[in-house]
*Asks:* 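This is the structure I want to talk about, given as structure tokens.
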Amino acid sequence: MTNTGMNMRGKITFYEEKNFQGRSYECMNDCSDMSSSLSRSQSCRVESGCFMVYDRNNYMGNQYFMKRGEYSDYMSMMGMRDCIKSCRMIPMHRGQFRMKIYEKENFGGQSHEMMEDCDNVMDRYRMNECQSCNVMDGHWLMYEQPQFRGKMMYMRPGEYRNFMDMGMSGQRFMSMRRITDSC
């Protein structure tokens with residue numbers, strides 16, 4: 001495999017203990033349930049690529065974005081209460097980014113098409129909330145608070161009619177960012 005091909009793949013290694021100690025589990029693609037490989041994970045190393053990690057199986061629960069780097073104690077660094085149970089590799093996207101956000105579920109209410117990051121939906125579009133979206137191009141992170149803070153949700157291309165159906169009940173998204181890292 002060429003170097004270019006290797007750069008397109010991601011690699012993350014999870015460790016049972018803090019500071020990269022204990023048993024480890026190497027992952028180079030999506031993993032919906034890590035419990036058969038590791039009973040817990042308290043540190044990790046992202047050698048290449050970008051990943052979303054989840055504190056529940058099947059890509060559910062709280063989500064965290066991880067790019068290339070070392071996370072010697074991500075439990076305290078990220079304020080996590082539980083360990084990582086699943087992870088998803090984020091494919092590198094080259095090209096334009098497009099997402100249409102909607103004020104109400106099922107693509108209702110006012111809408112706006114975005115091609116750039118938005119640090120505050122209220123300030124830019126006068127929308128109190130975003131309850132559905134259609135991601136046409138690229139991969140995005142949506143945040144519950146302005147300025148890319150708070151809980152986040154990974155959005156890949158597709159239609160998202162109701163965030164509550166995705167286990168995000170009561171969560172409002174107030175800022176959006178494109179995943180442009182070349183990780």
Side-chain angles (χ1 to χ4, degrees), residues 1 3 5-93 97 99 117-121 130 135 138-156 160 163-164 166-183:
M1 183 174 282
N3 283 344
M6 284 297 285
N7 291 338
M8 299 304 270
R9 298 178 60 113
K11 181 178 176 185
I12 186 170
T13 305
F14 296 96
Y15 298 86
E16 277 184 323
E17 305 296 333
K18 297 175 186 175
N19 301 314
F20 319 111
Q21 300 296 310
R23 288 185 27 219
S24 65
Y25 172 67
E26 189 176 282
C27 191
M28 295 176 67
N29 51 24
D30 296 353
C31 180
S32 64
D33 182 4
M34 292 180 8
S35 63
S36 61
S37 302
L38 282 182
S39 59
R40 68 173 184 252
S41 171
Q42 295 188 0
S43 60
C44 72
R45 222 178 239 126
V46 180
E47 294 180 38
S48 60
C50 295
F51 289 83
M52 285 306 289
V53 296
Y54 304 80
D55 64 3
R56 291 180 36 211
N57 293 336
N58 299 313
Y59 320 112
M60 300 295 286
N62 293 314
Q63 305 179 24
Y64 304 92
F65 176 71
M66 299 188 134
K67 59 184 180 179
R68 188 175 191 170
E70 294 188 342
Y71 303 86
S72 61
D73 180 11
Y74 56 69
M75 300 286 281
S76 64
M77 286 170 50
M78 298 177 193
M80 294 179 65
R81 286 182 233 109
D82 205 355
C83 65
I84 303 298
K85 303 283 187 181
S86 57
C87 73
R88 178 168 272 157
M89 188 179 79
I90 300 171
M92 184 59 198
H93 176 74
F97 286 78
M99 174 169 61
D117 298 350
C118 175
D119 63 357
N120 192 322
V121 170
C130 171
V135 177
H139 299 259
W140 298 74
L141 291 175
M142 297 179 72
Y143 296 82
E144 70 176 340
Q145 297 173 17
Q147 308 302 320
F148 316 115
R149 295 186 341 255
K151 290 184 179 180
M152 64 180 74
M153 185 166 66
Y154 167 53
M155 309 300 283
R156 53 191 183 174
Y160 301 89
F163 297 144
M164 286 195 292
M166 300 170 64
M168 297 294 182
S169 62
Q171 190 158 335
R172 300 173 357 153
F173 293 103
M174 300 304 293
S175 55
M176 295 82 182
R177 175 178 277 164
R178 299 163 296 149
I179 300 176
T180 58
D181 293 77
S182 58
C183 304

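A quick note: this is a predicted structure, and the numbers were derived from the prediction, not measured.
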*Asks:* Backbone N or O of Ser32 within a donor-acceptor pair of the Tyr59 side chain at under 3.5 Å?
*Replies:*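 Such a contact is found between Tyr59 side chain and Ser32 backbone.
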*Asks:* Nearest heavy-atom pair of Pro146 and Asn120: which atoms, and what distance?
*Replies:*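 For Pro146 and Asn120, the tightest heavy-atom pair comes out as CB-ND2, 3.5 Å.
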*Asks:* I'd like to check Met28 versus Met89 (side-chain heavy atoms, cut-off strictly below 4.5 Å). Are they in contact?
*Replies:*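 Of all side-chain heavy-atom pairs linking Met89 with Met28, none is under 4.5 Å.
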*Asks:* So how far is it from Lys151 NZ to Gln63 CD, rounded to the nearest 0.5 Å?
*Replies:*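 Reported to 0.5 Å precision, the distance equals 10.5 Å.
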*Asks:* Could you tell me the separation between the NE2 atom of His93 and the CD1 atom of Ile179, rounded to the nearest 0.5 Å?
*Replies:*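 Interatomic distance, His93 NE2 to Ile179 CD1, rounded to 0.5 Å: 11.0 Å.
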*Asks:* For a side-chain contact (heavy atoms from CB on, under 4.5 Å) with Phe148, tell me which candidate from Arg177, Met174, Met142 qualifies.
*Replies:*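 Option passing the side-chain contact (heavy atoms from CB on, under 4.5 Å) with Phe148: Arg177.
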*Asks:* Show the nearest heavy-atom pair for residues Ser175 and Arg149, with the distance to one decimal.
*Replies:*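 Shortest heavy-atom separation between Ser175 and Arg149 comes out as OG-N, 4.4 Å.
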*Asks:* Shortest non-hydrogen contact from Ser43 to Ser72?
*Replies:*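 Distance-wise, the nearest heavy atoms are CB-O, 3.2 Å.
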*Asks:* Between Asn58 (side chain only) and Met60 (backbone N and O only), is there a donor and an acceptor less than 3.5 Å apart?
*Replies:*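 No, the answer is negative, given that no donor and acceptor are paired below the 3.5 Å cut-off.
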*Asks:* Is the closest side-chain heavy-atom distance between Glu47 and Thr13 below 4.5 Å?
*Replies:*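 Yes, side chains in contact.
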*Asks:* Between the side chain of Ser24 and the main-chain N/O of Tyr15, is any donor-acceptor distance below 3.5 Å?
*Replies:*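 Pair absent, no side-chain N/O of Ser24 close to backbone of Tyr15.
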*Asks:* Looking at Ile90, is its backbone amide N or carbonyl O close enough to the side chain of Arg156 to form a donor-acceptor pair, meaning the two atoms are under 3.5 Å apart?
*Replies:*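 Checked: no pair found.
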*Asks:* So, using side-chain contact (heavy atoms from CB on, under 4.5 Å) as the criterion, who are the partners of Arg178 when residues are at least two apart?
*Replies:*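 Phe97, Glu116, Asp117, Trp140, Thr180.
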*Asks:* Hey, does the Lys NZ or Arg CZ of Arg88 hover above the aromatic six-ring of Tyr154, less than 6.0 Å from the centre and inside 45° of the axis?
*Replies:*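 Cation-pi check for Arg88 and Tyr154: fails.
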*Asks:* Run the numbers on Cys87 and Met66 for side-chain contact (heavy atoms from CB on, under 4.5 Å), then give the verdict.
*Replies:* CA-CA 10 Å; Cys87 73; Met66 299 188 134; over 6 Å; no
*Asks:* If I take atom SG from residue Cys118 and atom CE from residue Met99, how far apart are they, to the nearest 0.5 angstrom?
*Replies:*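 The distance works out to 8.5 Å.
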*Asks:* Measuring from atom OH of Tyr54 to atom CD1 of Ile84, what distance do you get when rounded to the nearest 0.5 angstrom?
*Replies:*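 Answer for the OH-CD1 pair, Tyr54 versus Ile84, is 10.5 Å.
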*Asks:* Can you see which heavy atom on Met176 is nearest to which on Phe173, and at what distance?
*Replies:*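 Nearest pair, atom of Met176 first, then Phe173: CE-O, 4.1 Å.
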*Asks:* Any side-chain heavy atom of Tyr25 within less than 4.5 Å of one from Cys31?
*Replies:*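 Yes, side chains in contact.
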*Asks:* Say you draw a straight line from CE of Met34 to OG of Ser39; how long is it, rounded to the nearest 0.5 Å?
*Replies:*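 If I round to the nearest 0.5 Å, the distance is 10.0 Å.
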*Asks:* Within a strict 4.5 Å, meaning less than it, do heavy atoms of the Val135 and Tyr160 side chains meet?
*Replies:*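 In contact.
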*Asks:* For Lys85 and Asp55, work out which heavy atoms get closest and say how close.
*Replies:*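 Looking at all heavy atoms of both residues, the closest pair is CG-O, 3.2 Å.
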*Asks:* Quick check: closest heavy atoms across Cys27 and Phe14, and the distance to 0.1 Å?
*Replies:*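 It is CB-CE1, 4.4 Å.
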*Asks:* Test side-chain contact (heavy atoms from CB on, under 4.5 Å) on Met52 and Phe65; report intermediate values, then the result.
*Replies:* CA-CA 5 Å; Met52 285 306 289; Phe65 176 71; 3.8 Å; yes
*Asks:* Test side-chain contact (heavy atoms from CB on, under 4.5 Å) on Arg23 and Leu38 and set out the steps.
*Replies:* CA-CA 7 Å; Arg23 288 185 27 219; Leu38 282 182; 3.9 Å; yes
